[in-house]
*Asks:* 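What follows is a structure written as structure tokens; I'll ask about it next.
Counting starts at 1 for both ligands and their atoms, in listed order.
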Amino acid sequence: MEIKVSASILSSNLACMSDELSKIKTAGVDWVHIDVMDGVFVDNITYGNNFVAAMRNYSDMFFDTHLMVTDPTNLIPLFKKAGSDMITIHIESNGDTAECLRLIKQLGMKTGLALKPGTAVEECFPYLPLCDMVLIMTVEPGYGGQGFIPDTLVKIKRLREYCNEKFPHVSIQVDGGINNSTAVLVKQAGADVLVAGTYLFKSEDMKKACELLR
Ligand code: DX5
Ligand code: ZN
């Protein structure tokens, strides 16, 4: 399975975003992971569509947009306009999940569906025909730098088995507490897109860190 690495800019220096985007590209990272938080769905507030539009002027990389918001419905067209290539919505958000996934697709973006650690993996099964990717959160959403939750490994494994049988095109992304040792575990369980924030941005050599994740 080809492994992709997505760098979460949550741990980067936001005041120097153009430099950070160049660094991510030079390091050979595949995607840029953009954590959008509205202060209601999760405690934190991060950045919105205008920030993504500004980033777009400095990067041609794949923008993997993770919406941790109360209701993503009206935001989807805004992030498309800003330059997102993929939008991942939470199954726990308000709004019609299937309709949102259809809208993301209609607008020409890739679709992702995220599950918090406490949400049963089976809940995403009905939506798999509409998904390019499922994000199994490996920490509680809201903050970078938390410890990986090992209980999430069984969810990844179950989803990989189910997808292999019925939806082999679906990618499995993991997000939270990913480093060179937890990467081994999630890959073994069947994940193929690894998000890392702290691990990549606090490393001395991002290129080497990225290679270690793969
Ligand atoms: C958490 C975010 C993550 C976060 C991961 O809510 O979705 O993308 O940035 O950070 P690390 O890799 O530091 O755990
Ligand atoms: Zn994220």
Side-chain angles (χ1 to χ4, degrees), residues 3-14 17 20-21 23-24 27 29-49 51-52 55 61-70 72 75 79 84-93 104 109-119 124 131-153 155-156 171-187 191-204 206 209-210 212-214:
I3 303 294
K4 282 196 162 61
V5 174
S6 193
S8 169
I9 57 163
L10 192 59
S11 311
S12 72
N13 182 350
L14 296 178
M17 189 45 62
E20 296 290 44
L21 287 167
K23 195 173 154 190
I24 292 169
V29 170
D30 301 285
W31 294 357
V32 180
H33 184 86
I34 305 168
D35 288 303
V36 176
M37 306 186 188
D38 67 354
V40 181
F41 184 76
V42 291
D43 294 338
N44 244 334
I45 298 178
T46 53
Y47 17 81
N49 55 306
F51 190 71
V52 175
M55 286 169 62
M61 286 185 71
F62 187 91
F63 282 0
D64 158 27
T65 317
H66 177 193
L67 297 186
M68 284 160 274
V69 300
T70 312
L75 300 175
F79 281 94
S84 288
D85 296 292
M86 171 177 239
I87 294 185
T88 297
I89 57 166
H90 266 268
I91 198 165
E92 303 87 359
S93 289
I104 296 168
M109 295 176 284
K110 298 275 185 201
T111 56
L113 184 60
L115 275 68
K116 290 194 205 178
T119 302
C124 76
C131 293
D132 293 301
M133 185 180 85
V134 173
L135 164 53
I136 301 287
M137 289 298 300
T138 43
V139 297
E140 286 300 334
Y143 301 91
Q146 304 179 73
F148 175 81
I149 303 174
D151 286 354
T152 56
L153 288 170
K155 290 171 67 177
I156 301 165
S171 279
I172 302 179
Q173 184 176 56
V174 285
D175 183 9
I178 301 300
N179 55 38
N180 53 336
S181 34
T182 54
V184 178
L185 306 174
V186 294
K187 285 188 288 183
D192 60 312
V193 185
L194 275 52
V195 176
T198 310
Y199 176 70
L200 287 177
F201 285 98
K202 303 293 176 243
S203 66
E204 300 262 293
M206 192 187 281
C210 179
L212 285 172
L213 290 179
R214 270 192 245 273

*Asks:* Give me the residue, atom name and distance of the protein heavy atom closest to atom 1 (C) of ligand 1.
*Replies:* Y143 O, 3.5 Å

*Asks:* Just need the protein heavy atom nearest to atom 14 (O) of ligand 1, so name the residue and atom and give the distance.
*Replies:* G177 N, 2.8 Å

*Asks:* List the closest protein heavy-atom neighbour of atom 12 (O) of ligand 1: residue, atom name, distance to the nearest 0.1 Å.
*Replies:* G197 N, 2.8 Å

*Asks:* Checking a contact table here: which protein heavy atom is nearest atom 13 (O) of ligand 1, and how many Å away?
*Replies:* T198 OG1, 2.4 Å

*Asks:* Which of the atoms of ligand 1 are close to S8, meaning less than 4.0 Å from one of its heavy atoms?
*Replies:* 4 (C), 8 (O), 9 (O)

*Asks:* Does an N or O anywhere in G145 fall below 3.5 Å from an N or O of ligand 1?
*Replies:* yes

*Asks:* Just to verify, which of M137, K4, Q173, H66 counts as forming a side-chain contact (heavy atoms from CB on, under 4.5 Å) with V195?
*Replies:* Q173

*Asks:* Roughly how far, to the nearest 0.5 Å, is OG1 of T65 from CG of D35?
*Replies:* 9.5 Å

*Asks:* At less than 4.0 angstrom from any non-hydrogen atom of A196, what atoms of ligand 1 do you find?
*Replies:* 12 (O)

*Asks:* Distance under 4.0 Å to a non-hydrogen atom of D35: what atoms of ligand 1 satisfy this?
*Replies:* 2 (C), 3 (C), 4 (C), 7 (O), 8 (O), 9 (O)

*Asks:* Under 4.0 Å from any heavy atom of P141, which atoms of ligand 1 are there?
*Replies:* 6 (O)

*Asks:* Can you pull out the closest protein heavy atom to atom 6 (O) of ligand 1? Residue, atom name and distance to 0.1 Å, please.
*Replies:* G142 N, 2.8 Å

*Asks:* Could you give the distance from OG1 (T88) to CE (M86), rounded to the nearest 0.5 Å?
*Replies:* 5.0 Å

*Asks:* Under 4.5 Å between any side-chain heavy atoms of I178 and Y199, yes or no?
*Replies:* no

*Asks:* Which residue owns the protein heavy atom closest to atom 5 (C) of ligand 1, what's the atom, and how far is it?
*Replies:* D175 OD1, 3.5 Å

*Asks:* Could you give the distance from CD1 (I136) to CD1 (I149), rounded to the nearest 0.5 Å?
*Replies:* 12.0 Å

*Asks:* In Å, rounded to the nearest 0.5 Å, how long is the span from CD1 of I156 to OG1 of T138?
*Replies:* 6.5 Å

*Asks:* Begin with the C-alpha distance, continue with both residues' side-chain angles, and end with the deciding distance and a verdict on side-chain contact (heavy atoms from CB on, under 4.5 Å) for I87 and S84.
*Replies:* CA-CA 7 Å; I87 294 185; S84 288; 4.2 Å; yes

*Asks:* Which class fits the ring pair H90 and F41: parallel under 30°, tilted 30 to 60°, perpendicular over 60°?
*Replies:* tilted

*Asks:* What are the protein N, O or S atoms, given as residue plus atom name, that sit under 2.8 Å from the Zn ion (ligand 2)?
*Replies:* H33 NE2, D35 OD1, H66 ND1, D175 OD2

*Asks:* Which distance, rounded to the nearest 0.5 Å, do you find between the CD1 of I34 and the CZ of F63?
*Replies:* 5.0 Å

*Asks:* Give the numbers and elements of all ligand 1 atoms closer than 4.0 Å to a heavy atom of H66.
*Replies:* 7 (O)

*Asks:* Check ligand 1 against H33 and write out every atom of the ligand that is under 4.0 Å from a heavy-atom position of the residue.
*Replies:* 8 (O)

*Asks:* Among protein heavy atoms, which lies nearest atom 10 (O) of ligand 1, and at what distance?
*Replies:* G144 CA, 3.6 Å

*Asks:* Give, for atom SG of C210 and atom CG of N180, the distance between the pair rounded to the nearest 0.5 Å.
*Replies:* 12.5 Å

